Each structure stands twice: as structure tokens, then as C-alpha cells.
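Beneath this line is the structure, given in C-alpha cells, with notes to follow.
Start at 1 with the first residue, then count along the sequence. In this text the structure is predicted, and so the values were computed from the model without any measurement.
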Amino acid sequence: MATQHAIGIDIGGTGIKGAIVDLATGALASDRIKVRTPKGGRPADILDATRDLLDQLDERGGTKIPLGLCFPAVVKHGRTLSAANISEEWIGLPAEELFEQELGREIHFINDADAAGYAESRYGAAVDAQGLVILTTLGTGIGSAFLYDGVLVPNTELGHLQVDGHDAESRAAYSAMERDDLDWGEWAKRLQRYYATVEFLFSPDLFVVGGGVSKHHEHFLPLLDLKTPIVPAVHRNNAGILGAASLATG
């Protein structure tokens, strides 16, 4: 099992999810386990909750196999340089080292959107895609991942592009649609402005749109007028788990 499987754990602002992944197929080789992210998202509390989740996966055969963990922050040299929907106490911490100490094993530590993008390039909508693929996750904010010929370029943070004087995600994330009570057409106009700006700046070969709302892609993707093909992600809520697990063996 050790050579064919790895554990992926995806830490988010509301939940921590994990599973054992079959690396050959991208299928889950165990039940997906989810625990609630502790209120406030403080470091010690998240470390404890992640330990509890890993213990459950170890009981399902997860001991002594590679472990990848993705996290809602800019991650550079193992440090968390930002904090999205978690405590600002994470900013500047040697988070990879803290998780390794708490979990008692080596990990591969990565930004959550980057993990999702890698999963789509290996198992999903961007398999064998050439050139520049930009994945965006539309949720509470906008996460992003760049992959060039399948190679990840980390920490792009395109949700914070300034578009018309605003952080793009403040107007175009799915949360903005809900907050401002927009219909699909009204939201698509904001997405059009966002994706047209990204397209102008980076000239991608493919957009992949993830996040939970991507399951409703037929309501908004056809309304966008772009030169670049734009397709829904395949793995949605499991993408972080798959990407973290896959990168754990790299």
C-alpha cells in the first residue's frame, strides 16, 4: 500500500478534511473524514484537530505512508505568510515544522488553491494540458493556481488583483454573489470583468474554475466571453486532498 497511496489533508476555515488517496487513479482509498475547524482558527487548536483527524486515518491504514497537507495561506519555505479565514496568529509561523512536530512525521506543506490546481492537472480538467493553466476557486474568496506544462508555480493569489479599484475577490467571489443577492447573470458580469483582466495580464491557454459553485457551472460559464477556453473543475471539494496527497510523494 505504501508505494501506491498517500494521505491528503485539506485545512479550511470551516472544516478540516482528509483521506487516503490511490495515487494511480486519484480515487479516495478510504472514507473522507471531516472535522470542524476550531472556532477562531488559532494555531494550537488547528494542530490538535489535525492530529485527531490523522489518528482516524491511521486507524484506516494510513500509518507510514506519505502525508501532504494544504492550508489557506501563502506558504513559502514552510512558513505561512498570510491567513485566510483563520487566525492571523499564523502569519509568519514556521507552520510546516509545527505540523511535523505535532503529527510526528514528515509532511509536504502547500497552499490550498495550489493543491487543487495540481489535482486538476494530474487527475482532472487539466490532464495533459499544454502551456499555462490557471485554476481559480470561487468561494469565500478567490484562490488561484498557475501550472505551466503541468509544473506548479506557487502562491499566485490572483484573488487580490486590483480590478476597478477593488480586491477582485471582494466583488467576484461566490460570497459576493450571496452577499449582494445577485442572480447568475449579474454575477457573471463581475466574473467577466475579472477573467478578462486575468486573461489580458497572463494570456493563459486554459482556465479551470473550481470551488463548490462549479457544480452549477452551466448557469454562469456560458455567459462569459473570453478568448481562453474556460471549463469547470472535476474534483471540487476533494481537490485539495488529492493535490496534497499527490505532492507528498514528489
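Note: the hydrophobic cluster containing L158 does not contain V151 (ILVMFWY, side chain heavy atoms under 4.5 Å, direct or indirect links). Under the 4.5 Å side-chain contact rule for hydrophobic residues, V234 and I241 do not share a cluster. With hydrophobic clusters built from ILVMFWY side chains whose heavy atoms lie under 4.5 angstrom apart, V74 does not share a cluster with I86. Note: the hydrophobic cluster containing F202 also contains V153 (ILVMFWY, side chain heavy atoms under 4.5 Å, direct or indirect links). Both Y174 and L221 are assigned to one and the same hydrophobic cluster, defined by single-linkage of ILVMFWY side chains at heavy-atom distances under 4.5 Å.
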Exercise for the section: Evaluate salt bridge (Lys or Arg N to Asp or Glu O under 4.0 Å) for D58 paired with R51, printing each intermediate quantity in order. Expected result: CA-CA 10 Å; D58 283 347; R51 170 75 265 178; 3.8 Å; yes
Exercise for the section: Apply the test side-chain contact (heavy atoms from CB on, under 4.5 Å) to residues I110 and L152: give CA-CA distance (whole Å), side-chain angles for both, the deciding distance (0.1 Å), then the verdict. Expected result: CA-CA 11 Å; I110 187 174; L152 178 67; 3.6 Å; yes
Handout entry: CA sep, side-chain torsions, deciding dist, call: V35, Q56, side-chain contact (heavy atoms from CB on, under 4.5 Å)
Key = CA-CA 11 Å; V35 300; Q56 295 181 59; 4.1 Å; yes
Practice task
Report the C-alpha separation of T197 and L201 in whole Å, then their side-chain angles, then the decisive distance to 0.1 Å, and conclude whether the side-chain contact (heavy atoms from CB on, under 4.5 Å) test is met.
Solution key: CA-CA 6 Å; T197 299; L201 290 172; 4.1 Å; yes
Exercise for the section: For Y148 and V133, run side-chain contact (heavy atoms from CB on, under 4.5 Å): C-alpha distance rounded to whole Å, both residues' side-chain angles, the deciding distance at 0.1 Å, then the answer. Expected result: CA-CA 6 Å; Y148 192 82; V133 175; over 6 Å; no
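At a threshold of 4.5 Å between non-hydrogen side-chain atoms, the residues V21 and H5 do not count as touching. Looking at heavy atoms from C-beta onward, K189 lies out of side-chain contact with L182 at the 4.5 angstrom threshold. Within the 4.5 Å cutoff, no side-chain heavy atoms of L242 are placed close to those of Y118. Side-chain contact check for L54 versus T50: every heavy-atom pair is 4.5 Å or farther apart.
Side chain of W90 to backbone of R79: no donor-acceptor contact under 3.5 angstrom is found. Under a 3.5 Å cut-off, the side chain of E120 and the backbone N or O of A125 do form a donor-acceptor pair. N111 places a side-chain N or O within donor-acceptor distance of the main-chain N or O of D114, the cut-off being under 3.5 Å. A donor-acceptor pair under 3.5 Å is formed between the side chain of R122 and the backbone N or O of L23. When atom types are taken as modelled, the side chain of T80 and the backbone of G92 share no donor-acceptor pair closer than 3.5 angstrom. Using a distance-only test at 3.5 Å, with no hydrogens or angles considered, a donor-acceptor pair links the side chain of E100 to the main chain of I107. Judged by distance alone, the side chain of T228 and the main-chain N or O of L206 form no donor-acceptor pair under 3.5 Å. For the pair D205 (side chain) and L132 (backbone), a donor-acceptor distance under 3.5 Å is present. Judged by distance alone, the side chain of R179 and the main-chain N or O of S170 form a donor-acceptor pair under 3.5 Å. Put simply, the side chain of E169 gets close to the backbone of I142: a donor and an acceptor are under 3.5 Å apart.
Annotation: the span from H108 atom NE2 to L247 atom CG amounts to 4.5 Å, rounded to 0.5 Å. Here the straight-line distance linking atom OG of S203 with atom CD1 of I134 works out to 9.0 Å at 0.5 Å rounding. L147 contributes atom CG, which lies 4.5 Å from atom OG of S121 (distance to the nearest 0.5 angstrom). In this structure, the separation between OG1 on T249 and CD1 on I65 is 11.0 Å, given to the nearest 0.5 Å. Atoms CG and CD1, on L28 and I33 in that order, are 11.0 Å from each other to the nearest 0.5 Å. A distance of 13.5 Å separates CD1 of I11 from CG of N85, quoted to the nearest 0.5 Å.
In terms of heavy-atom proximity, A115 sits nearest to A244 at CB-N, 3.9 Å. Taking every heavy atom of both residues into account, D112 and C70 meet most closely at CA-CB, 3.7 Å. Nearest heavy atom pair, residue V213 against residue L138, reads CG1-O, 3.7 Å. A113 and A145 make their closest contact through O-CB, 3.4 Å (heavy atoms, listed as atom of the first residue, atom of the second, distance). The minimum heavy-atom distance linking I16 with A49 is given by the pair CD1-CB, 3.8 Å. For the residue pair A245 and G8, the shortest heavy atom distance occurs at CB-N, 3.7 Å.
Side-chain contact of S144 with T156: a donor-acceptor pair under 3.5 Å is present, judged by distance alone. Under 3.5 Å, the side chains of D167 and Q162 contain a donor-acceptor pair of N or O atoms. A donor-acceptor contact closer than 3.5 angstrom is absent between the side chains of T25 and Y123.
Salt bridge status for R190 with D180: present, with a side-chain N to carboxylate O gap under 4.0 Å.
In the displayed structure, D183 atom CG is contacted under 6.0 Å by more than 12 heavy atoms of other residues, nucleotides or ligands. Around CD of E88, the count of heavy atoms belonging to other residues, nucleotides or ligands within 6.0 Å does not exceed 12. Counting non-hydrogen atoms of other residues, nucleotides and ligands closer than 6.0 Å to CD of E106 gives a total of 12 or fewer.
Using a 30° and 60° split on the angle between ring planes, F220 and W184 fall in the parallel class, below 30°. Note: F207 and Y195 have perpendicular aromatic rings, judged against thresholds of 30 and 60 degrees for the angle between ring planes.
Within the structure, every pair that satisfies the salt bridge (Lys or Arg N to Asp or Glu O under 4.0 Å) test and touches residues 144-165, not counting sequence neighbours, is listed here: D164-R193. Judged as a salt bridge (Lys or Arg N to Asp or Glu O under 4.0 Å), the pairs with a partner in residues 13-42 (not counting sequence neighbours) are, in order, D10-K17, R42-E89.
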